[in-house]
Amino acid sequence: MSRSSRPVLTVFFDGLKPEGLTSMPFLSSMPYRAPLRTLLGYSIACHASMYTGVYPDRHGLWFLWQRSPETSPFAWLRKVPLLSLVDSLPARLGVHKLTASRCPYTSYWGLPRIVNLPLRYWPEVDVSETRYWDEDGYVPGYPTVFERLRAAQVPYDTLGLHRGGSGPHGIEAVEHKPLPTIKPWTYLFVGEPDGLSHRYTQEGPQTKAMLRRLDQIVEARYREFESRVGEFDFIAYSDHGHIAIEDRINPYELFEQSADDLNRYMHLIDAGYLRLWFRTPEERSQAERVLANVPQGYILDEETMAREHVDPGEGRYGELIFYLNAGTIFSWTTFGYGRKQRSMHGYLPSHPESDGVFITNCSRPTEKVVQLVDILPTLLDRLGLPVPAGLDGQPVLA
Ligand SMILES: [Zn+2]
């Protein structure tokens, strides 16, 4: 059997760390298991890199929220007089609901709720990801695995790629979904480990019980492939690890303690990042003075961002980006209050608990660390398709 005629079964686990495999005896029995190196950022950056084979400094998706007054779906607020006078949590929720109902974005996150940002800044912001992962034009200029396979007329099936919202979703909803034929590529998307790990940590009993269950579901599919097609390539991987939270910082209190007000600045807050924009050089100096008092983090410099292949995008993602060390989060973020968060990711890839996993039934020619950008070229290679020049990743299997 030629290599290109072997079907490939890929299983993606969101947020599975190598230690999680202790609850997954089937995956642990695979011939090759190794850590996978993640990227500096969250799902947005990871997904775009694993689907396109290039780093965030090229595909341009780093954080979910960005400064983009030209494209903001909240631009209509500019015509609303006295916005600051009506600003309150109920007003914010109402404005969000109204805007989201008219917003054409089809991405997984759509237009997420904004909780902690004064309404007067909303016409400045937009999301970076506006289309779903498998749609045409997901990242302009960088075709995804889905676009490449469609262009090459290679049939594929996806299982578990749901679009958020209500209704049955998750891997248990597709556990028994029949595959009338086994196509060259089957993609099983398993989102559960990330959400459960955020809530209970990956070491928590609830998460471990689900990992055992997921292991059984994947084994059942594996056995099905064995009986229906005989030989096939199996590749399971995750995008990042998980790190238990030990310390929380309220960013608004931080500025108050220095007799300043964070709301004075256009700002966006992710769990581990505070991103700021300034009207004057004095504002920047003042913010830098406040942040100098925070020993749990530091301002990302150009050298670090270049090394990690991320790019602030001419200020789109922040004129100043303050990073919190692994294990610390901001309790108040743009999205809400993070009260249920007990574990987080998005920290520097060099932290050992930032690693994802890479597992296969194939052999590997080298021990070179597998990265997210290697996933696409590896798949194309296994399917017998040419690997395009100019990708940041490369095939990693023999
Ligand atoms: Zn997550």
Side-chain angles (χ1 to χ4, degrees), residues 11-21 23 35-51 56 61-65 107-115 127-129 132-133 160-165 169-171 189-204 206-208 210-211 214 236-248 268-275 308 310 317 323-349 351-357 372 375:
V11 186
F12 167 72
F13 293 95
D14 193 346
L16 178 65
K17 59 203 268 194
E19 294 81 355
L21 292 174
S23 304
L36 175 145
R37 192 176 173 89
T38 189
L39 292 162
L40 184 64
Y42 298 101
S43 302
I44 299 284
C46 293
H47 277 71
S49 285
M50 70 198 205
Y51 292 140
L61 300 186
W62 189 12
F63 292 96
L64 200 155
W65 286 109
S107 50
Y108 178 78
W109 300 101
L111 194 68
R113 233 162 52 177
I114 301 179
V115 173
V127 292
S128 59
E129 187 189 64
Y132 199 69
W133 305 307
L161 259 194
H162 71 92
R163 290 177 176 252
H169 62 257
I171 201 63
F189 185 96
V190 184
E192 284 83 348
D194 187 56
L196 285 166
S197 300
H198 279 298
R199 191 145 184 199
Y200 302 111
T201 76
Q202 194 145 122
E203 294 72 27
Q206 299 90 338
T207 313
K208 285 181 159 184
M210 178 54 87
L211 293 179
L214 297 173
Y237 75 100
S238 67
D239 51 350
H240 53 75
H242 253 273
I243 299 175
I245 293 162
E246 288 164 1
D247 195 7
R248 290 161 198 271
L268 292 168
I269 317 162
D270 305 270
Y273 299 81
L274 171 62
R275 300 182 280 134
E308 301 298 340
V310 293
Y317 290 117
Y323 166 84
L324 286 181
N325 295 325
T328 303
I329 60 167
F330 288 117
S331 52
W332 292 37
T333 68
T334 301
F335 305 87
Y337 306 99
R339 289 188 195 99
K340 291 183 178 161
Q341 300 284 5
R342 291 183 55 202
S343 183
M344 191 43 70
H345 50 90
Y347 300 109
L348 280 171
H351 191 285
E353 285 186 283
S354 289
D355 282 341
V357 297
L372 284 170
I375 298 295

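Basis for what follows: all heavy atoms, side chains included, without hydrogens, waters or symmetry-related copies. First listed ligand is number 1; within each ligand, the first listed atom is number 1. This one's a predicted model, so the numbers in the text were calculated from it and none came from an experiment.
Among residues two or more places apart in sequence or in another chain, the ring pair (Phe, Tyr, Trp, His ring centres under 6.0 Å) test is passed with Tyr237 by Phe12. Take Asp14 and apply the salt bridge (charged side-chain N to carboxylate O under 4.0 Å, His left out) test, not counting sequence neighbours, and it matches no residue. Remark: Trp332 engages Tyr252, Tyr337 in a ring pair (Phe, Tyr, Trp, His ring centres under 6.0 Å) (not counting sequence neighbours).
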TODO: Please lay out, stage by stage, how Leu64 and Trp109 fare under the test side-chain contact (heavy atoms from CB on, under 4.5 Å).
DONE: CA-CA 9 Å; Leu64 200 155; Trp109 300 101; 3.6 Å; yes

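Within the sub-2.8 Å shell of the Zn ion (ligand 1), the protein contributes these N/O/S atoms: Asp194 OD1, Asp194 OD2, His198 NE2, His345 NE2.
Cation-pi geometry between Arg275 and Tyr317 is not met: the NZ or CZ atom fails to fall both under 6.0 Å from the ring centre and inside 45° of the normal.
Thr38 approaches His240 most closely through the heavy-atom pair OG1-CB, 3.5 Å.
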